[in-house]
Amino acid sequence: MYPILFSIGKINFYSYGFFASLAFIAGYLVIYQLFKKDGHKTDDLVDKCLLIFIAAVLVSRLAFYLVYHDQFNHWYELFYIWQGGMISFGGLLGGLISYGYFYKKNLWHNF
């Protein structure tokens, strides 16, 4: 797979980010259809799914920093997301932790 999927001018679209976004959209559509089919409210679904996605990205970046900490000169380079670097198991862990938080706090009703 090519790292850069396509470019428009000076803006590059990277394959990893594109397919991660595509997976998020597909997952959201599946959850939305399941909620709708079972008659549950879908008012807060977008907000909760976006929070789970953001948590997955942040924990994925943090996991990359913890595993490859020798590639960083300063700790604040953790926030330089434009330089790349994420780990998939960190994203899975972040998504599960945020879902667990919603479930425990009873913010994810009927799921």
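Keep in mind it's a predicted model, so treat the numbers as computed, not measured.
- With contacts defined as side-chain heavy-atom distances shorter than 4.5 Å, the pair L58/L62 does not qualify.
- Contact annotation: the side chain of I97 never approaches that of V59 to less than 4.5 Å [non-hydrogen atoms, C-beta and beyond].
- Taking CD of Q33 as the reference point, atom OG1 of T42 lies at 10.0 Å (rounded to 0.5 Å).
- Annotation: the span from N12 atom CG to S7 atom OG amounts to 3.5 Å, rounded to 0.5 Å.
- When all heavy atoms are compared, the tightest approach of R61 to E77 is NH2-O, 3.2 Å.
- Side-chain contact between C49 and F24 is present, with at least one heavy-atom pair separated by less than 4.5 Å.
- You'll find the side chain of I4 stays beyond 4.5 Å of the side chain of F13, heavy atoms only.
- Here the shortest heavy-atom pairing between S60 and S88 reads OG-N, 4.5 Å.
- Put simply, CZ on F35 and NZ on K37 are 14.0 Å apart, with the number rounded to the nearest 0.5 Å.
- No continuous path of hydrophobic side-chain contacts links L96 to V30 [ILVMFWY only; heavy atoms under 4.5 Å].
- For the atom pair I87 CD1 and L93 CG, the distance stands at 11.5 Å (nearest 0.5 Å).
- Within 6.0 Å of CZ on F6 lie more than 12 heavy atoms contributed by other residues, nucleotides or ligands.
- F72 is listed as a side-chain neighbour of F64, based on a closest heavy-atom distance under 4.5 Å.
- Within the 4.5 Å cutoff, side-chain heavy atoms of Y28 are placed close to those of V46.
- In this structure, CG in L51 is found 14.5 Å from OH in Y99, a value given to the nearest 0.5 Å.
- Hydrophobic clustering, with ILVMFWY side chains joined whenever heavy atoms are under 4.5 angstrom apart, keeps L22 apart from I54.
- Both Y80 and W75 belong to a single network of hydrophobic side chains, linked directly or stepwise wherever heavy atoms of I, L, V, M, F, W or Y lie under 4.5 Å apart.
- When all heavy atoms of A63 and F89 are compared, the pair lying nearest together is CB-CE1, 4.3 Å.
- In this structure, CD1 in I31 is found 11.5 Å from NZ in K48, a value given to the nearest 0.5 Å.
- L92 and I52 sit in two unconnected hydrophobic clusters of ILVMFWY residues. Membership requires side-chain heavy atoms under 4.5 Å apart, directly or through other members.
- The shortest distance between side-chain heavy atoms of Y16 and M86 falls below 4.5 Å.
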